[in-house]
Trainee: 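Supplied in structure tokens, the structure appears directly below.
Everything numeric here is computed off the predicted structure, so don't read it as measured data. Chain identifiers are assigned alphabetically (A, B, ...) following the order of the sequence lines, protein sequences preceding nucleic acid strands; residue numbering begins at 1 within each chain.
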There are 2 protein chains.
Amino acid sequence: MRKETSTNALNEKMINDGCGMALSMSVIGGRWKPAILCRLAYGTMRYGELKKAIDGISERMLVAQLREMEKDRIVQRIVYPEVPPRVEYQLTDLGRTMKPMLDAMSEWGNKYRDQIDAGSIELLSVGE
Amino acid sequence: MRKETSTNALNEKMINDGCGMALSMSVIGGRWKPAILCRLAYGTMRYGELKKAIDGISERMLVAQLREMEKDRIVQRIVYPEVPPRVEYQLTDLGRTMKPMLDAMSEWGNKYRDQIDAGSIELLSVGE
DNA sequence: CCGTATCCATGGTGATACTG
DNA sequence: CAGTATCACCATGGATACGG
């Protein structure tokens with residue numbers, strides 16, 4: 001049996017629906033994980049860089065989401081014992097295997113946005 | 001500007017992080033959407049069939065998640081005016097364009113599960 | 001058969017302030 | 001610079017009962 005501690009990192013509820021999709025969702029789901037993953041997909045980033053790059057994120061949430069992804073072994077945290085302190089984050093090897101999935105998601109999302117913006121889809125509720 | 005009504009159907013918070021990943025997440029995120037999408041990917045299903053197929057889902061949640069995906073135009077609801085009533089659900093054309101993304105997610109999830117089960121990853125906290 | 005309505009618990013998230 | 005610590009909100013989702 002797999003072990004875990006808290007919150008979202010590997011949500012037991014979702015991992016057993018047969019198809020792996022739910023497992024993927026439990027790893028990349030989370031308010032800010034897509035945004036973080038997008039950045040780390042291009043390489044290593046410092047804590048402060050991530051914070052600046054991701055608009056609107058609080059330190060609390062940035063750290064929380066990074067920690068969860070560390071637990072799930074897709075993100076790696078590297079601490080340089082310097083003054084001032086420096087901490088870098090990057091995808092692990094396992095994290096990098098997500099690339100095709102991440103790309104597929106970005107691509108569909110962008111196409112979907114185009115569809116909506118083109119007005120060919122109304123996304124309901126205009127008169128609600 | 002895009003319009004929307006409630007809850008999760010197109011979460012404004014998530015759609016503006018530049019990469020389309022977050023948009024995708026806002027459409028397929030949700031406790032039961034992966035499970036539902038997995039089923040509908042193979043074809044049309046009746047309400048009752050979905051309910052039976054997805055273990056543990058309540059009627060409330062099944063309907064709620066289906067309605068959200070209807071709003072987002074990826075799922076189509078077809079009502080047959082018969083007695084007894086019959087309602088079928090299927091992916092829309094737009095919904096079917098998600099196939100590559102869905103497949104990528106399933107594939108990565110399954111590989112990830114293998115990695116974990118193989119013990120090559122410990123998923124933390126064994127001694128926590 | 002296919003849902004709605006209602007109530008309620010949980011925890012994910014945000015805001016703010018503080019620390020090594 | 002890179003985080004912790006606390007508090008509180010409220011949307012998400014669960015259980016149960018009822019309706020066309």
Trainee: Strictly by salt bridge (charged side-chain N to carboxylate O under 4.0 Å, His left out), give each pair with a member in residues 94-106 of chain A just once, sequence neighbours left out.
Mentor: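 Sorted pair list: A/D93-A/R96.
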Trainee: In this structure, how many angstroms lie between the P atom of D/dA15 and the CD1 atom of B/I57, rounded?
Mentor: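 Answer to the nearest Å: 12 Å.
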Trainee: Based on the rotation axes of five pairs at each end, what angle does the helix from C/dC1-D/dG20 to C/dG20-D/dC1 bend through, to 10°?
Mentor: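 About 50°, once rounded to a multiple of 10°.
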Trainee: Transitive ILVMFWY cluster of A/I78 at side-chain heavy atoms under 4.5 Å: who else is in it?
Mentor: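 Reading the cluster by chain and number, A/I78 sits alongside A/Y80.
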Trainee: Please, which pairs that meet salt bridge (charged side-chain N to carboxylate O under 4.0 Å, His left out) have at least one residue in residues 78-87 of chain A, sequence neighbours excluded?
Mentor: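 Listed once each, the pairs are A/E82-A/R86, A/R86-A/E88.
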Trainee: Are B/Q65 and D/dG13 close enough that a side-chain N or O sits under 4.0 Å from OP1 or OP2?
Mentor: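 Checking D/dG13 against B/Q65, a side-chain N or O does come within under 4.0 Å of OP1 or OP2.
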Trainee: Show me the pairs that pass ring pair (Phe, Tyr, Trp, His ring centres under 6.0 Å) and involve residues 88-111 of chain A, at least two apart or across chains.
Mentor: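 Qualifying pairs, neighbours excluded: A/W108-A/Y112.
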Trainee: Return all side-chain donor-acceptor pairs below 3.5 angstrom for residues 44-56 of chain B, not counting sequence neighbours, or 'none' if the list is empty.
Mentor:
{"unit_1": "B/T44", "atom_1": "OG1", "unit_2": "B/Q90", "atom_2": "NE2", "d": "2.8"}
{"unit_1": "B/E49", "atom_1": "OE1", "unit_2": "B/R46", "atom_2": "N", "d": "2.7"}
{"unit_1": "B/K51", "atom_1": "NZ", "unit_2": "B/E59", "atom_2": "OE2", "d": "2.8"}

Trainee: Roughly, in whole Å, what's the span from CZ in A/R31 to C1' in C/dG14?
Mentor: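 Computing the A/R31:CZ to C/dG14:C1' distance gives 10 Å.
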Trainee: Summarise protein proximity over nucleotides 1-6 of chain D in one line of letters, 5' to 3': B for base, S for sugar-phosphate only, - for none, counting protein heavy atoms closer than 4.0 Å.
Mentor: BSBBBB
Trainee: Which other residues belong to the hydrophobic cluster containing A/Y42, where Ile, Leu, Val, Met, Phe, Trp and Tyr are joined when side-chain heavy atoms lie under 4.5 Å apart, directly or via other members?
Mentor: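 Members besides A/Y42: none; it forms no cluster.
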Trainee: B/L62 has an atom CG; how far is it from atom C1' of D/dT12, in whole Å?
Mentor: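 Distance check: B/L62 CG to D/dT12 C1' gives 16 Å.
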Trainee: Please report the distance, rounded to the nearest Å, between CE in B/M25 and P in C/dT13.
Mentor: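 The answer, rounded to whole Å, is 10 Å.
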Trainee: Is there a side-chain polar atom (N or O) of B/W32 under 4.0 Å from OP1 or OP2 of D/dG14?
Mentor: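 So the side-chain polar atoms of B/W32 do come within 4.0 Å of the phosphate oxygens OP1 or OP2 of D/dG14, strictly under.
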Trainee: Just to verify, what does B/E107 make a side-chain hydrogen bond (donor to acceptor under 3.5 Å, both in side chains) with, not counting sequence neighbours?
Mentor: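 Per chain and number, B/E107 pairs via side-chain hydrogen bond (donor to acceptor under 3.5 Å, both in side chains) with B/K111.
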Trainee: I need the CD-C1' distance between B/E82 and C/dC2, as an integer number of Å.
Mentor: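 Answer to the nearest Å: 13 Å.
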Trainee: With rounding to the nearest 0.5 Å, note down the distance linking CZ in B/R67 to CE in B/M69.
Mentor: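 The CZ atom of B/R67 sits 11.0 Å away from the CE atom of B/M69.
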